Amino acid sequence: MAKMAATIGEHGEDAFRKLFKFYKRRSPAPDLSDVIDFSKAAKHEKVLTTELNPAAVSDDEARRAGLRPVKDWRAFGLLGYPGFMFISNPFMPGSQQHWVKQCLKTYPQKPNVCNLDMHMAPTDTQDIWGKSADVLRKPASRIREPKTLLEKLRWVTLGYHYNWDTKTYSADHNTPFPSDLQSLSGHVAAACQFPVFKAEAGILNYYRSDSSLGIHVDESELDHTQPLLSFSFGQSAIFLLGGTRREDPPTAMYMHSGDVMVMSGHSRLLYHAVPRVIPSPEGDPLHPSLEAEGLGSVSDQGLIQDPIQGETTLIQSVTKEDWAVCSRYIQTSRVNMTIRQVLGPGQAFPSKDKRTETVMGYTDGYHDSQDGENVGLKRRRSSDARNPVNT
Ligand SMILES: O=C(O)CCC(=O)C(=O)O
Ligand SMILES: [Fe+2]
């Protein structure tokens, strides 16, 4: 593989696309030895240590959001990518379960928007969890059952809802951002030296084991001085981080369950992609960090009470019943949340008549396969590179 990377680098032409295809390839399976694994102690020539600000988040605040004390986080930078930070699973044992449940049970609920809304009546997408849970709780049968709505979910938008057709956010389509996720994001951003970051928009991507996410840059937010945060749960994946030009050769890295990435400064507007989800070995389908028991005890309101302080946390404990569904789903899937600030302080959206580039009339254009299946990257418009597709 080192040879492959060198060959592409020499020619320079469309190096990103070639590496994307290389890692996406099923047969023969690609050599993954060049993929940086931040969870491994071994030093990589490109991996740098990075300074966090532990004073920005108290240990209590961190714990209430399910995070370890900031001084214990393992945070890295990458040579050649100033502003890029990788935090290797800063979550306390057990607390990832809350975020997985939120992504599967809570955040897909109205008024949030999801890919299924593009093709189905509002009443049919009202209760995605309720319509899927019983089937997913049952042991897998050998007869191929129709896919549940949860298995057809590809994306959910939060806060300022991203419009995939116009590639814009707007003041007209904004719903309350989930407060638990706002706190989590605020703490991570503050620890990374962005104390005024405000989570205003979220895009949640749901990947099955054969999904990939095309090469793209996230530039629709109006304020690029604030970072883009990314949280990954479930199956591991390969992430490719490129340059400011689409064809620049990327660096490949693993994202495991619980890992957090921060793209800021020079790295805020770099091309990136997810060519491959890496299924866990059989017999070990969940990443160990997902299996750990939750901390504390459950209060009447379903909030976890810290055993030492007696205080309640933002993190709700997940019932055994709910976790049975979540763990079944996540054994073959990956969920990623990217959190963005859209507007700078005092900034407003341009008035409608000034938005000359807006493309109208594609309300469900490239999402027309409904669940993203059988839609090749080539057949999709450039902007839909941002939805996971199955191949
Ligand atoms: O799934 C990922 O890790 C990346 C998601 C992403 O790039 C996006 O939502 O813009
Ligand atoms: Fe992105």
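Ligands are counted one by one from 1 in listed order, and the atoms in each one are counted from 1 as well. Computed from heavy atoms alone, side chains included, the values below leave out hydrogens, waters and symmetry copies. For clarity, every value in this text was computed on a predicted model and none was experimentally measured.
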For His173 and His161, take the angle between the two ring planes, folded into 0 to 90°, and tell me which bin it lands in: parallel under 30, tilted 30 to 60, perpendicular over 60. tilted
Return the orientation label for the His256 and Tyr254 ring planes: parallel under 30°, perpendicular over 60°, tilted otherwise.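 Geometry flag for Tyr254 against His256: parallel rings.
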His216 NE2 to His272 NE2 via the Fe ion (ligand 2), rounded to 10°, gives 90°
Mode of His272 contact toward ligand 1 - side chain, backbone, both, neither (heavy atoms, under 4.0 Å): side chain
Within a distance under 4.0 Å of any heavy atom of [X], pick out the atoms of ligand 1 and give their elements.
X	result
Met255	3 (O)
Val274	1 (O), 2 (C), 3 (O), 4 (C)
Asp218	10 (O)
Leu213	4 (C), 5 (C), 6 (C), 7 (O)

If you check every N/O/S atom of Asp218, which is the one nearest the Fe ion (ligand 2)?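 When I compare the N, O and S atoms of Asp218, OD2 is nearest to the Fe ion (ligand 2).
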Tell me, please: is Arg334 in heavy-atom contact with ligand 1, that is, under 4.0 Å? yes
Check contact between Arg340 and ligand 1, using heavy atoms of the residue and a distance below 4.0 angstrom. yes
Taking both backbone and side-chain atoms of Asn336, is any N or O found less than 3.5 Å from an N or O belonging to ligand 1? yes
So is there a nitrogen or oxygen of Asn205 less than 3.5 Å from a nitrogen or oxygen in ligand 1?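 Such a contact does occur with ligand 1.
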Is a side-chain donor-acceptor pair under 3.5 Å present for His287 with Ser280? no
Under 3.5 Å, is there a donor on one side chain and an acceptor on the other for His216 and Asp218?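 Result is yes, a qualifying pair exists.
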As a check for students: among Trp155, Tyr207, Tyr271, Tyr162, identify the option with a heavy atom nearest to atom 2 (C) of ligand 1.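 Heavy atom nearest to atom 2 (C) of ligand 1 belongs to Tyr207.
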Just checking Phe349 against Tyr160, ring centres under 6.0 Å apart?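 Ring centroids of Phe349 and Tyr160 are less than 6.0 Å from each other.
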Would the Phe233 and Phe91 ring centres measure less than 6.0 Å apart?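 Between Phe233 and Phe91, the centre distance is under 6.0 Å.
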Determine whether a donor-acceptor pair (N or O, by modelled atom type, separation under 3.5 Å) exists between the side chain of Trp73 and the backbone of Arg68.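 Yes, Trp73 side chain to Arg68 backbone: donor-acceptor pair under 3.5 Å.
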Distance-only, no hydrogens or angles: does the Glu221 side chain make a donor-acceptor pair with backbone N or O of Leu343 under 3.5 Å?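 No, the answer is negative, given that no donor and acceptor are paired below the 3.5 Å cut-off.
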